[in-house]
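These values consider heavy atoms only, across backbone and side chains, with no hydrogens, waters or symmetry-generated copies. Every number for a ligand or one of its atoms is a count from 1 in the order of the listing.
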Amino acid sequence: MTDPTRSFGHELAAALRAGEVSSRELTQAHLENAERQNHALNAWLSIDAEEALRQADAADARIAVARVEGSEALAGLHPLLGLPVALKDLVSVAGGPCTAGSRILEGYRAPYDAHITERLRDAGAVLIGKTNMDEFAMGSSNEWSAFGQVSNPWDLDRVPGGSSGGSATAVAAFHSPFGIGTDTGGSIRQPAALTGTVGLKPTYGRVSRYGIVAFASSLDQIGPFARDSRDAAALLHAIAGRDERDATSSPVPVPDELLDIPAADDEAAAWLEGKRLGLPAEYFVKGMEPGVEERIRQAVDALEGAGATVEEVSLPHTDYGLATYYIVVPAEASANLARYDGVRYGHSVRLEGGDFIADYLATRGEGFGPEVKRRIMLGTYALSAGYYDAFYLKAQKVRTLIKRDFDEVFESGIDALVAPTSPSVAFKFGARIADPVAMYLSDACTLPANMAGIAGLSVPCGLSDGLPVGLQFIGAPWSELELLRFGRAYEAITVDADWRRLEPTQLSIADDAAGPTPSERAARLAAAVA
Ligand code: GLN
């Protein structure tokens, strides 16, 4: 087959079964892209080519056996078998590095597989490496990684979004058809929007968090990146479901229909007939870029033109989302990060003649970056005696109000909400780094779904100023299948759009291993501003 990196996962799965390509060949092609472009993009913190090829050979052996057994055995193979997956570097892979983008976990080796790692191994997926991210998933631009910025393949001077910026970039730049991210306030959907990929935040409890580095435990969810909705559905199918080791993971059955999302455009589009979409007025936030708003309104018109009805709805507590999120999240983060004490994990400072407390302070002082320190201070403050009721408890109550807004809309018969994912396209390095509140605003349209524990999907819906825009579908708990059908339907009705045929515009510049790294680009931009 011609370049296998340009195919969707479902196309590669078919080609593998038809014997047109081997997992080894397609894995090698993806590894070549990843290794060649990592200088310019810095999407990967580690790539394990040898192990990936070993897994690819194992997949090829499984396919060979199934082929001998007959067509039923071939059809029974998981669609992810033999296909590369990029893991955000907070997913534990036994014996491998797991930095969570932090110095404090440098040198740490994961002692066991995360639940999703086990599930991906069962499916026969090929784990090619670990991707860059904001430190402990705190950020919206990947600029808070301790291991350097990541460049957006649509414009190498711009961020890919965050915190799962590495996985989004790896999928956008054809290093892998599949990626794993985590989304606590938008960290899958926002980078998906900024890189022109598909990203899904499942319902809280859909995917086990066992073996995932914790950030804010009552909001963190693991989810897929892909280049279309069918692939995202297949990856969700592989990782979702109850796991005894995460008490918050749910026994709600994972629908097998995730593997049967219509391939035919007519069928996918016809599904829209009679569906009711809600357009939340509050999501067209102040400061939203006009070009983004235009793309979203166009997408909404297209959905309406194809048979869905679109109604204005109101989620009146949306405005409080950001403020309550930045109480709840730092509070939980400050508790989760207490474990990095220089004794149990990774980086450790031992001072000459120092006592335990001095070593502890020095380890954390050196090991954590500025955003993590800011969150620990905010969170510790919000949880301290005398402030707990005023901040944390109050925020939890407002959180209930935010959840109720969604409940009411879905109880009224709305099938899903349709909204922007990010109020802006990808921004330049440095544009928001000195202003935490500007950075936090990146997630104004995504974090309410996390606060409510419900599902959200971002799909590409065109370009503004040559940069990708993301369209978000938000659904009731356990509605991932419906959201992905909406995503698929939108893909079907825009299949002929010119922008669908465009690849990220600066991929060829990213081939240059002698050009500037993302950090050098960021430094250059900072110097030009100063
Ligand atoms: N940008 C948000 C934050 O910094 C969301 C991060 C995330 O979803 N992990 O908290």
- May I ask you to check if ligand 1 and Gly139 share an N or O to N or O distance below 3.5 Å?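 N/O-N/O distance under 3.5 Å: yes.
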Relative to the heavy atoms of [X], which atoms of ligand 1 are at a distance of less than 4.0 Å?
| X | answer |
| --- | --- |
| Ala137 | 6 (C), 7 (C), 9 (N) |
| Asp183 | 8 (O) |
| Met138 | 4 (O) |
| Ser163 | 9 (N) |
| Phe215 | 9 (N), 10 (O) |
| Tyr326 | 2 (C), 3 (C), 4 (O), 10 (O) |

- Item | Shortest non-hydrogen separation from Leu484 to Leu258 and the atoms involved |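 Distance-wise, the nearest heavy atoms are CD1-CD2, 3.7 Å.
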- How far apart are the closest heavy atoms of Ala137 and Leu90, and which atoms are they?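 Minimum heavy-atom contact is CB-CD2, 4.4 Å.
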Protein heavy-atom partner closest to [atom] - residue, atom, separation in Å:
| atom | result |
| --- | --- |
| atom 5 (C) of ligand 1 | Tyr325 OH, 3.2 Å |
| atom 4 (O) of ligand 1 | Arg375 NH2, 2.7 Å |
| atom 2 (C) of ligand 1 | Asp443 OD2, 3.0 Å |
| atom 7 (C) of ligand 1 | Ser187 OG, 2.4 Å |

- Item | Side chain, backbone, both or neither: Phe136 near ligand 1, heavy atoms under 4.0 Å |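 Neither part.
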Do the two ring centres, one from [X] and one from [Y], sit under 6.0 Å apart?
| X | Y | value |
| --- | --- | --- |
| Phe136 | Tyr340 | yes |
| Tyr210 | Tyr112 | yes |
| Phe225 | Phe178 | no |

- Mind telling me whether Tyr490 and Trp499 have parallel, tilted or perpendicular rings, with 30° and 60° as the class edges?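 Judged by the thresholds at 30° and 60°, the geometry between Trp499 and Tyr490 is parallel.
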- Message: Are Leu383 and Ser334 packed together at the side-chain level, in the sense that at least one heavy-atom pair is separated by less than 4.5 angstrom?
- Response: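 Counting from C-beta outward, Leu383 and Ser334 do come under 4.5 Å.
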- Item | Residues in side chain to side chain contact (heavy atoms under 4.5 Å, CB included) contact with Thr421, at least two apart in sequence or another chain |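 Residues passing side chain to side chain contact (heavy atoms under 4.5 Å, CB included) with Thr421: Arg189, Ala193, Thr446, Ser458, Gln472.
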